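Per chain, numbering begins at 1; letters A, B, ... match sequence-line order. Computed from a prediction, not measured in an experiment: that's the story for all the values here.
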Amino acid sequence: MFALIDCNNFFVSCERVFRPELENKPVIVLSSNDGCAISRSNEAKLLGIPMGAPLFEIRHLVKAYNAEVLSCNFELYGDISSRIMSILQQQCEKVEVYSVDEAFLEYDDSVDWQTEGERLQKHLMQCVGIPISIGFGVTKTLAKLANLQAKASGVVCYLDASTKYHDALKAITVNKIWGIGAKLSKSLRQQAIYTAYDLMTANAKDIRKEYGIIVERIVHELNGQSCIPLTLIQDPKKSIQITRSFATPVKDMAILKQAVARYGFRLAYKLRENSQKTQTLWVYGRNTKFESSNTVLHQRTIILDEPTNDTATIIQHAQSAVEDFFDPKISYSKIGIMALDLHDATLPQQKSIFTPKANDKKDIDKVMDDLNKRFGLGTVRPLSCGESIDWMNKRDHKTPAYTTNWQNIVQVKAK
DNA sequence: TCTGGGGTCCTAGGACCC
DNA sequence: TCTGGGGTCCTAGGACCC
């Protein structure tokens, strides 16, 4: 038996932990650059603010109902998330961290799901103050659907393929199923498959022929036959990217180079964090995708002689890629850098015979990482990253990093 | 005026091998 | 008119997830 734990309105709930006065108020958290609503309190959902709505389209609602608008604070959400996951790992032997706000747990069939679910809800609320929904099911896919019901009803739910639950499955539209997105649900509807029950009772072989192995697996999962096991050990990442939109489009190469240096700096740090090195860099810049005519994507792929996670090397390659593709006629609204072809940095590495002997500066990154871990990322950084960050992101409503920065720590006064 | 960021997996087709 | 059989690896693109 699987359980899916999902934090309710996660980013908003994180903010509410430190701002209890936001309870019962409409609250939204915005994406980077204060662009779109990416987390909404129940009150905000009731106002009709859709997921991903651009702020400028919902301003009238925000104003009319005095909704609280917050910039995203991933430092905070990441920290709360890791607290939640480690608490879950104390409570259950088999935990798969599925996303920042979701985890799958695996249980013995003998466990009383209702008691266990309520216990976990209470425990997490007490430890971190985050409300969660829990769905149990005999497969991951069913646990996901049970979670959907749990969120709607406010109680812990359970699903399996027995007739007892057929009515519940008939009430779930096919697009709500984990792995069935917009395209597939449209296509399935054309085949008269409208609900989870319809897909469950469809012929798996025909589905395989028409839609491939992913949808076939979903059919089996809906029938209670587990095809997607719990992954206890996360595979190493296959790609890492850092990409941002600009607050206002950029036509200045110097600024683009500074931006890509920052992203390269963060990228190299992430690689070292994961004990990985990259041998292929992909650097791109593009104009806005909202002017349908003339969308431009400039890109360069750089294959390195040998894998690296060296900050200076990555920044140099990223900047020369930008110099190379830069076109002064283009207003760049977004640039990014991606590391592909990742290698395990702890393994011995084949050196290239064409690369000159590496100069002995490997300690610089280590010293920089140590300082940045202690005092915050960016405390020590390459000069190419620049000093001012004014031009980069709009974050007009940012909340403090309550749990990860000593300057922002919450003070409690006892009378 | 303004529209997020970071990932994964599968498939088809091409190029190549013996 | 007809042109083998069995593989691997790589890439681009599509679809999905949070």
> Given that A:Ile213 and A:Ile240 both sit by DNA chain B, which one's nearest nucleotide is further toward the 5' end?
Replying inline: A:Ile240
Candidate nucleotides [options], ranked by approach to the side chain of [X] - the nearest:
X	options	result
A:Ile214	C:dC18, B:dG4, B:dC10	B:dC10
A:Lys144	B:dT3, C:dA15, C:dC18	C:dC18
A:Arg244	B:dG5, B:dT8, B:dT3	B:dG5
A:Thr243	B:dG7, B:dT3, B:dG5	B:dG5
A:Pro54	C:dC18, B:dG4, B:dT3	B:dT3
A:Leu184	B:dG6, C:dC16, B:dT3	C:dC16

Given atom [atom1] of [X] and atom [atom2] of [N], what is their separation to the nearest angstrom?
X	N	atom1	atom2	value
A:Leu340	B:dG6	CG	C1'	13 Å
A:Met338	B:dG6	CE	C1'	9 Å
A:Leu188	C:dC16	CG	P	10 Å
A:Gln234	C:dC17	CD	C1'	13 Å
A:Ile337	B:dG7	CD1	C1'	17 Å
A:Glu57	B:dC2	CD	P	13 Å
A:Arg217	B:dT11	CZ	C1'	13 Å
A:Tyr263	B:dG6	OH	P	9 Å

>> Applying the side chain to side chain donor-acceptor pair (under 3.5 Å) criterion to A:Arg19, which one of A:Glu21, A:Glu15, A:Glu23 satisfies it?
In response: A:Glu21
>> Salt bridge or not between A:Lys373 and A:Asp369? Use side-chain N to carboxylate O under 4.0 Å.
In response: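 Here A:Lys373 does not pair with A:Asp369 in a salt bridge, since their nearest N and O are not under 4.0 Å apart.
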> Do NZ/NE/NH1/NH2 and the carboxylate oxygens of A:Asp34 and A:Lys394 come within less than 4.0 Å?
Replying inline: no
> Is the ring centre of A:Phe56 under 5.5 Å from the base ring centre of B:dT3, and are the two planes under 30° apart, so that they stack?
Replying inline: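 So no, this residue does not stack on that base, at least one cut-off failing.
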When you check the phosphate oxygens OP1 and OP2 of [N], does a side-chain N or O of [X] lie under 4.0 Å from one of them?
X	N	answer
A:Ser245	B:dG5	yes
A:Ser32	B:dG5	yes
A:Lys238	B:dC9	yes
A:Lys270	B:dG7	yes

> Where does the angle between the aromatic ring planes of A:Tyr107 and A:Phe136 fall among parallel (under 30°), tilted (30 to 60°) and perpendicular (over 60°)?
Replying inline: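 If you compare the ring of A:Tyr107 with that of A:Phe136, the planes turn out tilted.
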> Which pair of non-hydrogen atoms, one from A:Ala103 and one from A:Leu88, has the smallest distance, and what is that distance?
Replying inline: CB-CD1, 3.8 Å
